[in-house]
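This report refers to the structure that appears directly beneath it.
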Amino acid sequence: MEPVVQFDNVNKSYGKHVAVDNLNLSIEAGKFVTLLGPSGCGKSTSLRMLGGFETPTSGRIMLSGKDVTRVPPNKRNVNIVFQDYALFPHMSIAKNIAFGLELKGFDNQRIHRRVSELLELVQLQDYATRLPAELSGGQRQRVALMRALAPDPDVLLLDEPLSALDAKLRQQMQIELKAIQEKTGKTFMFVTHDQEEALTMSDTIVVMNKGRIEQMGDPNTLYGRPGSVFVANFIGETNLLRSTVISSEGDVAALNWNGITITANPGGLTPRHGEHLYVVLRPEAIHCSAAEPVSGNRVKGKIRQRVFKGNHTSLMVEVGGGAMLNTLVHPSDVAQLGGEDIWLGWKPETTTVIPDRHAHN
Amino acid sequence: MRNMVSDAPRTTLTAFYWAFILYLLLPLTLMMAMSFKDANFVAFPIGDWTLDWYAKVMQDKQFLEACLYSIMIAAASTLAATTLGTWIAMLIVADGIRGRTIIFALACLPAVVPGMISAISLRIFISTIDMPTGTAAIILGHTVHAVPFVVVMALTRLRSMPRNLVDAARDLGADGVVAFFRVTLPYLGPALFGGMIFCVLLSIDDFVRTFFLGGYRPTLPMLIFAKVQGGMSPEINAMATIVLVVTAAVGLYAEFITRRARTR
């Protein structure tokens with residue numbers, strides 16, 4: 001199937017500063033795609049280029065099979081939900097939503113029908129005549145979303161639209177956004193620096209760093225099989241074990257980490273003796289126990305810090321050589337560990353191996 | 001226990017404040033009081049009170065004509081100044097404009113140049129381009145004088161305008177012109193309304209420029225000036241009182257409207 005959005009070798013620089021560095025990206029229709037990365041990674045610039053508010057320094061942007069690289073924003077069929085919503089303050093909610101429809105030349109009856117339909121979708125029928133200033137943050141957010149959806153864009157662009165909301169409302173809106181995306185079947189391109197938002201809603205996450213794509217994949221893959229140290233650190237909490245290869249054969253590599261021998265699956269890599277590797281070990285993959293585990297990787301340690309987090313307790317455990325491992329246990333299991341001296345164990349298949357050359361970030 | 005010494009500066013300040021208010025209001029009050037005096041001379045004591053002077057003013061064809069003329073000039077110069085001022089303000093905030101500081105300085109210049117200098121230079125200017133004195137010249141002079149005030153008020157409002165508003169309009173299919181008329185202009189509305197009222201008041205009030213640029217038809221200040229030359233009479237007081245009350249009412253109304261819009 002032909003992708004709805006395609007970036008071909010797109011570059012954008014401001015003077016000497018390179019904001020987007022040779023971006024190649026295809027987005028399939030009907031998907032929820034998130035551009036994730038720290039501020040200044042080029043995600044917002046990419047979105048604004050697709051919206052028509054920035055022109056690439058070089059490269060080509062295709063939208064539904066047409067080259068839109070130099071088409072002005074009012075002539076391309078994409079709509080943006082802005083970070084600050086940008087609702088027109090002097091227009092009622094209904095007028096705001098109708099704005100794009102009027103400019104498309106729809107007749108009044110059709111506009112009216114579409115506006116009611118959209119207001120109903122987010123249960124704001126009773127607010128049609130109100131001004132944006134009379135609405136709460138979450139309601140304004142919904143109106144901005146409906147205004148952008150109204151003209152039926154090929155792609156809906158969302159520029160960190162949840163960052164102005166408080167934590168509770170943000171979680172609620174994440175679920176609502178995903179539901180609306182599924183109900184309307186629209187292609188959503190969402191920009192955020194919040195990895196939790198990305199994991200919750202996306203079909204595909206594109207992790208960006210320094211204007212480049214670091215890794216792209218579904219949330220499960222990115223979390224479970226990060227391809228670089230940057231991705232491993234950016235998405236979720238992680239322990240990165242810098243190890244030296246002792247031997248490697250097929251699916252099993254023996255590694256030396258801090259004087260402890262551990263095993264891991266090197267995946268597609270063929271590591272040589274003496275080479276350095278990173279092992280990505282997620283806190284929840286570690287099993288804590290009072291007795292020594294019978295199989296898998298195991299290491300003895302001492303609890304240095306416990307942080308109660310409600311549904312789990314986070315433990316910082318010091319293992320040999322001063323290295324710390326971050327792990328978590330169910331609060332009711334903490335007592336069963338006995339004292340401060342515990343065993344940590346994990347199965348080799350729960351870890352991922354990243355070559356060291358990717359580590360230069 | 002209250003300390004008399006530490007209270008002294010405060011008491012002095014309060015006294016000065018009230019003295020200033022008195023100084024400000026006394027001449028106006030006197031003028032208004034005299035307009036109700038039932039006699040031909042402007043002097044105390046006021047024996048009998050009357051509204052005759054007002055009746056006389058309202059039937060004075062000269063006064064009514066001068067009022068109409070002043071209002072016409074005010075309307076025309078306000079329209080011109082608002083259009084020009086808004087355009088200059090938009091130019092200053094536009095992307096990629098070089099020398100915006102210079103444009104701003106030039107736009108503000110007419111507000112700080114002394115009225116006399118401005119009037120003389122305008123007079124020289126119109127005779128250079130062979131423009132006759134009269135209505136058109138007065139409108140030109142008043143427009144130049146009013147533009148800076150519109151620019152400043154429009155700029156203040158434009159700078160508080162979320163950048164994304166215009167982007168959002170463009171994104172939803174509006175070209176630059178539609179975005180300006182449907183989003184930017186309504187956003188500027190309250191500021192422009194305030195600016196327009198200010199332009200009207202400036203124009204109605206202006207004497208020096210009108211004096212240098214005017215023809216034979218008198219505007220309101222010129223008529224009052226001419227009448228004063230012929231000797232003080234309570235009729236002039238009545239005229240001035242009407243002008244005072246009307247302009248004060250308009251000014252307060254404008255302030256009320258812009259304040260309400262700002263708090264929204």
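Sequence lines set the chain letters: A, B, ... in the order given, protein chains first and strands last, and positions in each chain run from 1.
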Structural part of B:Arg182 lying under 4.5 Å from a heavy atom of chain A: both
More than 12 heavy atoms of other groups within 6.0 Å of A:Tyr14 OH: yes
Please find the pair of heavy atoms, one from A:Phe53 and one from B:Asp167, that lie closest to each other, and give the distance. CZ-O, 3.1 Å
Quick one: does B:Asn164's side chain have a donor or acceptor within less than 3.5 Å of a partner on A:Ala86's backbone? no
What are the two closest non-hydrogen atoms of A:Asp84 and B:Pro162, and how far apart are they? OD2-CB, 4.1 Å
What do you reckon, is CZ of B:Phe125 surrounded by more than 12 foreign heavy atoms closer than 6.0 Å? no
Could you check whether atom CZ of A:Arg110 has more than 12 heavy atoms from other residues, nucleotides or ligands sitting under 6.0 Å from it? no
From CG (A:Leu87) to CG (B:Leu165), nearest 0.5 Å: 8.5 Å
Kindly give the heavy-atom pair with the smallest separation between A:Pro89 and B:Tyr187, and that separation in Å. CG-CD1, 3.8 Å
For A:Pro153, which atoms come within 4.5 Å of any heavy atom of chain B: side chain, backbone, both, or neither? neither
Locate the shortest heavy-atom distance separating A:Ala148 from B:Leu172; write the atom from each residue and the value. CA-CD2, 4.5 Å
Interchain contact, A:Glu102 with chain B, by part (heavy-atom threshold 4.5 Å): side chain
If you tally heavy-atom pairs under 4.5 Å between each of B:Val178, B:Asp175, B:Val166 and chain A, the highest tally belongs to B:Asp175
Answer yes or no: does atom OH of A:Tyr127 have more than 12 heavy-atom neighbours from other residues, nucleotides or ligands under 6.0 Å? no
Taking atom NZ of A:Lys178 as the centre, report whether more than 12 heavy atoms of other residues, nucleotides or ligands fall under 6.0 Å from it. yes
With only heavy atoms counted, which part of B:Ala179 is less than 4.5 Å from chain A, the side chain, the backbone, both or neither? neither
Would you find more than 12 non-hydrogen atoms of other residues, nucleotides or ligands less than 6.0 Å from B:Ile102 atom CD1? no
